[in-house]
Amino acid sequence: MERIDKYLWAIRVFKTRTEATDACKGGKVKVSGVNAKPSRPVKEGEIIQVRKNSILYTYKVKADIGKRVGARLVPEYAENLTPQSELEKLRAPVETFFLKRDRGLGRPTKKDRRTMEDAWDQIDFNNEIEDIPDDILQHFGLTEDDI
């Protein structure tokens, strides 16, 4: 039987054992629905849930592992049961909006903020960009090619 922190590191869920240990201590790792301490032993057939950022990964322990293995060998030791809906979060559009502002201009004025909000409202996050008025594009140093 292997410690859960070492197991998660060995199947490449975390890059380092320290990250795996910190995740266990922080309540981000559950075994069969119960928070797991880093030293908890892992048994074959158990379900492990790991929260990394906004995604909840789910793994089923297939076999005990003695040391870190290559990525190709991981399926022999753990089965990834993560639902597709969780994996879709990786592809979600990043809802950030960067505007070009010249250095030294300071904070945006109320008029600048309203202009930025107008530009923000023109964006459709289903990958369809409506026609943004030329004056807004010019104000932020953008061209049609940038969009």
Side-chain angles (χ1 to χ4, degrees), residues 1-108 112-132 136-137 139-147:
M1 293 189 301
E2 194 69 53
R3 292 170 50 112
I4 191 163
D5 60 343
K6 189 172 181 182
Y7 183 83
L8 292 172
W9 167 75
I11 63 168
R12 299 180 169 267
V13 175
F14 294 101
K15 287 185 179 183
T16 65
R17 277 195 59 191
T18 303
E19 285 180 16
T21 302
D22 291 343
C24 291
K25 288 178 181 177
K28 292 178 172 55
V29 177
K30 294 185 179 197
V31 178
S32 303
V34 179
N35 283 344
K37 293 183 179 180
S39 61
R40 183 196 190 285
V42 178
K43 299 173 191 137
E44 190 173 327
E46 288 185 319
I47 303 294
I48 301 173
Q49 293 179 321
V50 180
R51 171 134 338 252
K52 286 178 74 176
N53 298 324
S54 63
I55 301 172
L56 183 65
Y57 294 95
T58 307
Y59 301 95
K60 181 177 181 180
V61 179
K62 290 173 88 175
D64 194 24
I65 190 168
K67 59 182 179 175
R68 189 168 169 101
V69 295
R72 291 184 182 185
L73 298 177
V74 168
E76 295 176 17
Y77 300 99
E79 181 180 353
N80 190 347
L81 302 175
T82 307
Q84 191 62 32
S85 60
E86 288 290 323
L87 296 175
E88 288 296 322
K89 293 178 183 177
L90 292 170
R91 296 190 234 311
V94 178
E95 294 182 4
T96 57
F97 193 76
F98 295 103
L99 299 174
K100 179 181 174 187
R101 285 185 55 87
D102 292 330
R103 189 173 172 91
L105 287 180
R107 290 176 49 181
D112 289 340
R113 182 185 52 78
R114 289 183 181 140
T115 306
M116 286 186 273
E117 286 176 357
D118 289 342
W120 183 260
D121 292 339
Q122 296 292 325
I123 296 175
D124 178 12
F125 288 103
N126 293 327
N127 296 329
E128 298 174 13
I129 298 177
E130 298 174 19
D131 193 30
I132 298 176
I136 292 176
L137 290 174
H139 182 78
F140 296 107
L142 301 172
T143 65
E144 291 289 334
D145 297 333
D146 295 331
I147 299 173

Looking at [atom1] of [X] and [atom2] of [Y], how far apart are the two atoms once the value is rounded to the nearest 0.5 Å?
| X | Y | atom1 | atom2 | result |
| --- | --- | --- | --- | --- |
| Trp9 | Glu2 | CH2 | CD | 9.0 Å |
| Ile48 | Leu8 | CD1 | CG | 5.0 Å |
| Lys6 | Ile65 | NZ | CD1 | 9.5 Å |

Less than 3.5 Å apart, which donor and acceptor atoms pair up between the side chains of residues 49-63 and the rest of the protein, not counting sequence neighbours?
residue	atom	partner	partner atom	Å
Arg51	NH1	Ser54	O	3.2
Lys52	NZ	Val13	O	2.7
Lys62	NZ	Pro75	O	3.1

Can you give the donor-acceptor pairs under 3.5 Å from side chains of residues 16-39 to other protein atoms, not counting sequence neighbours?
residue	atom	partner	partner atom	Å
Thr16	OG1	Glu19	N	3.1
Thr21	OG1	Asp5	OD2	2.9
Thr21	OG1	Arg17	O	2.9

Nearest heavy-atom pair of Arg113 and Pro108: which atoms, and what distance?
N-CB, 4.5 Å

What one should report as the nearest heavy-atom pair of Tyr7 and Tyr77 is OH-O, 2.6 Å

Run the side chain to side chain donor-acceptor pair (under 3.5 Å) test against Glu86 and tell me which residues pass, sequence neighbours left out.
Lys89

Between the side chain of Arg12 and the main-chain N/O of Val69, is any donor-acceptor distance below 3.5 Å?
yes

